[in-house]
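Side chains included, hydrogens not; waters and symmetry mates left out as well; all remaining heavy atoms used. Note that this is a predicted model, so its numbers are computed, not measured.
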Amino acid sequence: SFALANVIANEDILKRQKEKEIMLSLGNDIASIRNRTDLLGIITIQFKKLFNYNDASIIILDKKNSTYNAFVLDMEEKRTSHIDCLPNSIGTYPISDGICDVILAVDGPIILDYQTILVNPTAPSWALFLYENGINEMVCVALREGNENIGVFFLHSEEKNYFHEHQFNLIQGIAYQLSVALANVLANEKITRQLEEINTYKQQLEVENPYLQKEISTNDNYSEIIG
């Protein structure tokens, strides 16, 4: 019994050491994230080392319209190949849907059972899609920039009762790092959009400029004739 306890204790120590190493590596990787493709790569490669989940996702909030939509999706082929996957992936959903608002109302991770949440008539169509295609529960945590909610991180599992509260500290640690990464990606995308708008405006001016110059020249000539 004592020997067994030592073995279990050693395994726990090794597991925690591995988690610390992965978190350190994750922190280094997140520092280099510039876009949502980079973010998806981190989720796909690193998180599978920590959790035996099936799907993962990040949503972003549109607080002006009180809605949200998917930002990053890491889904297994059995769901991505389904005809209903795309419409459920690109949809816009109200924050007050009985899932997103519940997550945002708590300070840390929360475990939600799909069978339970789907009883709520406001449950979004994506939740029904995932449940009908094998997903049974999810662990979720709000992503925040300072005190401001900017998104939510989800891990989805086909296995019932896979997620437990003893995983919460690790998930919260991941959420802190993902919050920084998401804020950076959103800022980069905003800058990219602004540069595209500036370039579009510049191109319009370049197209319109010869016409304007011709108009000015015509008006000057007309003025000289009248004069």
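A continuous path of Ile, Leu, Val, Met, Phe, Trp and Tyr side chains, each step under 4.5 Å between heavy atoms, connects Met75 with Tyr114, placing both in one hydrophobic cluster. Cluster annotation: Leu73 is not connected to Ile33 through the hydrophobic network of ILVMFWY side chains, with a link wherever side-chain heavy atoms come within less than 4.5 Å. A single hydrophobic cluster is seen to contain both Leu112 and Ile95, as judged by linkage of ILVMFWY side chains at heavy-atom distances under 4.5 Å, directly or through other members. Under the 4.5 Å side-chain heavy-atom criterion for ILVMFWY residues, a single connected hydrophobic cluster contains both Phe163 and Val141. Taken together through direct or relayed side-chain contacts under 4.5 Å among Ile, Leu, Val, Met, Phe, Trp and Tyr, Val152 and Phe168 form parts of separate hydrophobic clusters.
Shortest non-hydrogen contact noted between Leu155 and Ala56 is CD2-CB, 3.8 Å. In this structure, Ile99 and Pro124 approach most closely via the heavy-atom pair CD1-CD, 3.6 Å. When all heavy atoms are compared, the tightest approach of Thr80 to Cys85 is CA-SG, 3.7 Å. Here the closest heavy-atom approach between residue Ile83 and residue Pro87 is recorded as O-CD, 3.7 Å.
Between Phe154 and Ile58 there is no side-chain heavy-atom pair separated by less than 4.5 Å. Between Tyr201 and Glu197 the shortest side-chain heavy-atom distance does not fall below 4.5 Å. Residues Val72 and Ile43 have side chains in contact (heavy-atom distance under 4.5 Å, counting atoms from C-beta outward). Side chains of Leu50 and Ile174 form a contact here, defined as non-hydrogen atoms less than 4.5 Å apart. In this structure, Asn69 and Ile90 have side chains that are not in contact, with every pair of non-hydrogen atoms separated by 4.5 Å or more. Contact of the Val106 side chain with the Val102 side chain is not registered, since no non-hydrogen atoms from C-beta on lie closer than 4.5 Å. In this structure the side chain of Lys190 never reaches within 4.5 angstrom of the side chain of Leu186, judged on heavy atoms. At a threshold of 4.5 Å between non-hydrogen side-chain atoms, the residues Phe153 and Val139 do not count as touching.
Residue Asn120 qualifies as enclosed at atom CG: its count of foreign heavy atoms under 6.0 Å is above 12. For Glu165, the CD atom counts as loosely surrounded, since its 6.0 Å shell holds 12 or fewer non-hydrogen atoms of other residues, nucleotides or ligands. Heavy-atom neighbours of Gln167 CD from other residues, nucleotides or ligands within 6.0 Å: above the threshold of 12. By the neighbour-count criterion of 12 heavy atoms within 6.0 Å, atom CD of Gln194 is densely surrounded, having more than that number from other residues, nucleotides or ligands.
Judged by distance alone, with hydrogens and angles left aside, the side-chain atoms of Ser179 form a donor-acceptor pair with the main-chain N or O of Arg144 at under 3.5 Å. Counting only distance, with no hydrogens or angles, the side chain of Tyr131 and the backbone of Leu118 share no donor-acceptor pair below 3.5 Å. A distance-only check finds a donor-acceptor pair linking the side chain of Asn188 to the backbone of Arg34 [under 3.5 Å]. Counting only distance, with no hydrogens or angles, the side chain of His82 and the backbone of Asp84 share a donor-acceptor pair below 3.5 Å. In this structure a side-chain-to-backbone donor-acceptor pair under 3.5 Å is present from Lys63 to Asn149.
Leu86 contributes atom CG, which lies 12.5 Å from atom OG of Ser81 (distance to the nearest 0.5 angstrom). Put simply, CG on Asp74 and OG1 on Thr44 are 3.5 Å apart, with the number rounded to the nearest 0.5 Å. With rounding to the nearest 0.5 Å, the separation of CD1 in Ile135 from NE2 in His156 is 7.0 Å. Here the straight-line distance linking atom NZ of Lys49 with atom CD of Gln46 works out to 4.0 Å at 0.5 Å rounding. The line from CG of Asp38 to CG of Asn35 is 4.0 Å long, rounded to the nearest 0.5 Å.
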Before giving the answer on side chain to side chain contact (heavy atoms under 4.5 Å, CB included), spell out for Glu132 and Leu128 the whole-Å C-alpha distance, their side-chain angles and the decisive distance to 0.1 Å.
CA-CA 6 Å; Glu132 289 181 340; Leu128 180 61; 3.5 Å; yes
Evaluate side chain to side chain contact (heavy atoms under 4.5 Å, CB included) for Asn133 paired with Lys78, printing each intermediate quantity in order.
CA-CA 8 Å; Asn133 287 276; Lys78 68 175 74 175; over 6 Å; no
If you apply the rule side chain to side chain donor-acceptor pair (under 3.5 Å), what do you find for Asn88 with Ser125, and how did you get there?
CA-CA 7 Å; Asn88 281 286; Ser125 61; 2.9 Å; yes
Please test Ile150 against Leu182 for side chain to side chain contact (heavy atoms under 4.5 Å, CB included), starting from the C-alpha separation and ending with a verdict.
CA-CA 8 Å; Ile150 57 174; Leu182 179 59; 3.9 Å; yes
Start with the C-alpha distance between Glu159 and Glu137, add both sets of side-chain angles, then the distance that settles side chain to side chain contact (heavy atoms under 4.5 Å, CB included), and finish with yes or no.
CA-CA 7 Å; Glu159 182 183 339; Glu137 72 172 18; over 6 Å; no
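The pair Arg79-Glu158 meets the salt-bridge criterion, with a side-chain N (NZ, NE, NH1 or NH2) lying under 4.0 Å from an Asp/Glu carboxylate O.
Pairs engaging residues 51-74 under the ring pair (Phe, Tyr, Trp, His ring centres under 6.0 Å) rule: Tyr68-Tyr93 [sequence neighbours left out].
In this model, no donor atom of one side chain and acceptor atom of the other lie less than 3.5 Å apart for Asn65 and Thr67. Under the 3.5 Å distance criterion, with hydrogens and angles disregarded, no donor-acceptor pair is assigned to the side chains of Ser96 and Asp101.
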